[in-house]
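Following this message is one structure expressed as structure tokens.
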Amino acid sequence: MRPARAPPGCGRLLAAGLRPLLGCLRPPPGRGVAGRWPSPGLRVPEAAEAERLVQEARRAGGPLRRFIACPRLARTVQRCLWAARGPQPVVLECGPENSLDGQLKVIYGDFFRLDPLVTGTVKPPAVCSDKLFEAMGVAAVPWRADVPVKIFGILPQKKERNTLWRLLFILYECSSIFRYGRVELNIFISEKEYKVLTAKPGESRAYQALSVLCQVGCEIQLLHMEPWSSFVTNLKNKGLSVSKSVWLPNDHLCLVRLTPQRDLFSEGLKPTNSATFMFMVKQCLAKRKSRLTDRLNSWSLDNSGQLLKALEIPADVETGNLYPEDYKRLFEALQNCSVFTESWFHDEVLESIRNINL
């Protein structure tokens, strides 16, 4: 059935890749975001136009990409993005035909291929964050300042877990996009990965290092859940290509807002030692039923019992039952120990960093 014509004020959100383009929306000078912005000129494509763009994407082929071609879903996404007050520009992963009379600034590039670890010239669709943000007119702000820019996109399914790890790594390191401050991510991820990010201690199937690091590093907000069938892929057979999940539900894509914590960094946890913190968490949760004291003793820590007592952490606690904030407190306390200065530990951290960035 042909969808009804979209009313004024609906954003044109064919997101996550009919072509790898990045668009930036900014509120006009002197006007607030909470009211009528974005202007009525931004619209949801009608059915015929969306179908034509879908066919173009399928003819082009390439890696699996998922995008929005449903007016109802586009309006839902728009409401989620514009709900929060503030003057921040919004960077959309999108496939527009033009700049919509100057309301949408378009740059060729793939957001999820920002700052590739290569030597020499970066070639599109890869793009450098400093070039992107300069073109978008986004300036760096202090970490504790308000969010400088919002990002919207759909995580590539094939490398979803790797992409989440890399986003967390650059967040803790304050590199790439996070050199500009607490950049807000509004991303569609699979339901199973959302369950991992928000898992609680004791949830043996879901609680992982990724859970701890994301909860320590970000405020996580579920904005919307949508069945996979609402999205269109560029597969020529028109299939949905939903990844299977044995232990966790995976019937939806979840629009999740990740806002970096304002108080993430402290005297004990800094961007310069954050890789060590990430490695420590990964090591502890490699075996979630092992005792925390056993893990600490394996690092030649002589006073693990006294340390846990001082932190009011039970001596017999399993690593899979320790809360994210307790992992951060443990790491800060361990800064006064020699364990993190051992050469073998340093080598392991470097190897972990290399694997995250592959």
Side-chain angles (χ1 to χ4, degrees), residues 9-27 33 37-39 42-45 50 53 65-96 99-100 103-114 125 127 129 132-133 135-138 146-157 160 163-164 167 170-171 176-178 180-190 193-194 197 218-226 230-232 252-260:
C10 293
R12 180 179 178 137
L13 298 173
L14 278 177
L18 294 175
R19 293 184 296 277
L21 295 170
L22 295 169
C24 182
L25 295 172
R26 277 187 174 276
V33 174
W37 186 83
S39 71
L42 295 176
R43 62 181 179 82
V44 174
L53 293 172
R65 300 185 70 89
R66 205 175 300 274
F67 53 90
I68 297 169
C70 169
R72 175 194 56 78
L73 179 55
R75 288 192 288 270
T76 298
V77 171
Q78 185 197 34
R79 285 195 297 270
C80 292
L81 291 177
W82 306 153
R85 294 175 179 268
Q88 306 93 339
V90 179
V91 176
L92 306 169
E93 188 190 10
C94 57
S99 65
L100 301 183
Q103 296 174 90
L104 187 64
K105 185 169 186 177
V106 179
I107 294 176
Y108 180 62
D110 187 340
F111 175 76
F112 296 111
R113 294 182 63 184
L114 278 178
V127 62
S129 57
L132 171 65
F133 280 20
M136 297 292 191
V138 176
D146 291 336
V147 169
V149 64
K150 301 178 181 182
I151 307 290
F152 170 73
I154 302 178
L155 254 63
Q157 181 176 316
E160 186 176 34
T163 303
L164 286 171
L167 287 172
I170 62 175
L171 185 155
S176 188
I177 61 174
F178 295 105
Y180 292 81
R182 295 183 305 114
V183 173
E184 178 186 287
L185 302 175
N186 297 269
I187 51 178
F188 271 107
I189 62 176
S190 65
E193 292 297 350
Y194 168 71
L197 295 187
C218 299
E219 176 186 346
I220 307 171
Q221 183 181 2
L222 177 63
L223 302 179
H224 183 68
M225 296 178 68
E226 188 72 23
S230 297
F231 298 82
V232 180
H252 303 82
L253 275 171
C254 298
L255 179 56
V256 179
R257 174 173 293 152
L258 300 177
T259 308

- request: Identify, with sequence neighbours excluded, every residue that meets ring pair (Phe, Tyr, Trp, His ring centres under 6.0 Å) alongside Y194.
  value: none

message: Tell me the closest heavy-atom pair linking L185 and F178, and the distance in Å.
response: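 Taking every non-hydrogen atom into account, CD1-CZ, 4.3 Å.
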
field: ring pair (Phe, Tyr, Trp, His ring centres under 6.0 Å) against F133, all qualifying residues, sequence neighbours excluded
entry: Y180

statement: To the nearest 0.5 Å, atom CD1 of I189 lies from atom CG of L197 at 4.5 Å

message: Is there a side-chain contact between L132 and L114 in this structure, where contact means two heavy atoms from C-beta onward sitting under 4.5 Å apart?
response: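 Yes, side chains in contact.
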
query: Measuring from F188:CZ to H252:NE2, what's the distance to the nearest 0.5 Å?
result: 11.5 Å

field: Set of side-chain hydrogen bond (donor to acceptor under 3.5 Å, both in side chains) partners for T259, sequence neighbours left out
entry: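 Counting only residues at least two positions away or on another chain, T259 forms no side-chain hydrogen bond (donor to acceptor under 3.5 Å, both in side chains).
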
query: Out of curiosity, L253 CG to I154 CD1, how far, rounded to the nearest 0.5 Å?
result: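 Atom-to-atom, L253:CG and I154:CD1 are 7.0 Å apart.
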
- prompt: Does I187 offer a backbone N or O that forms a donor-acceptor pair with the side chain of R257 under 3.5 Å?
  reply: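 Checked: no pair found.
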
message: Side chains of E160 and S190 only: does a donor on one sit below 3.5 Å from an acceptor on the other?
response: yes

field: For P156, side-chain contact (heavy atoms from CB on, under 4.5 Å) partners two or more places apart
entry: F112, T163

- prompt: About how many Å separate CD of Q221 and SG of C80, when rounded to the nearest 0.5 Å?
  reply: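 One gets 8.5 Å once the value is rounded to the nearest 0.5 Å.
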
- line: With sequence neighbours left out, the residues meeting salt bridge (Lys or Arg N to Asp or Glu O under 4.0 Å) with E226 are R72

- prompt: Can you find a heavy atom in the side chain of C254 that is under 4.5 Å from one in the side chain of H224?
  reply: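 C254 does not reach H224 side chain to side chain.
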
Separation between CD of E219 and CG of L258, rounded to the nearest 0.5 Å: 10.0 Å

task: Give the intermediate values and the outcome of side chain to side chain contact (heavy atoms under 4.5 Å, CB included) for residues L73 and F231.
output: CA-CA 9 Å; L73 179 55; F231 298 82; 3.7 Å; yes

query: NZ of K150 to CG of N186: how many Å apart, nearest 0.5 Å?
result: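 Answer for the NZ-CG pair, K150 versus N186, is 7.0 Å.
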
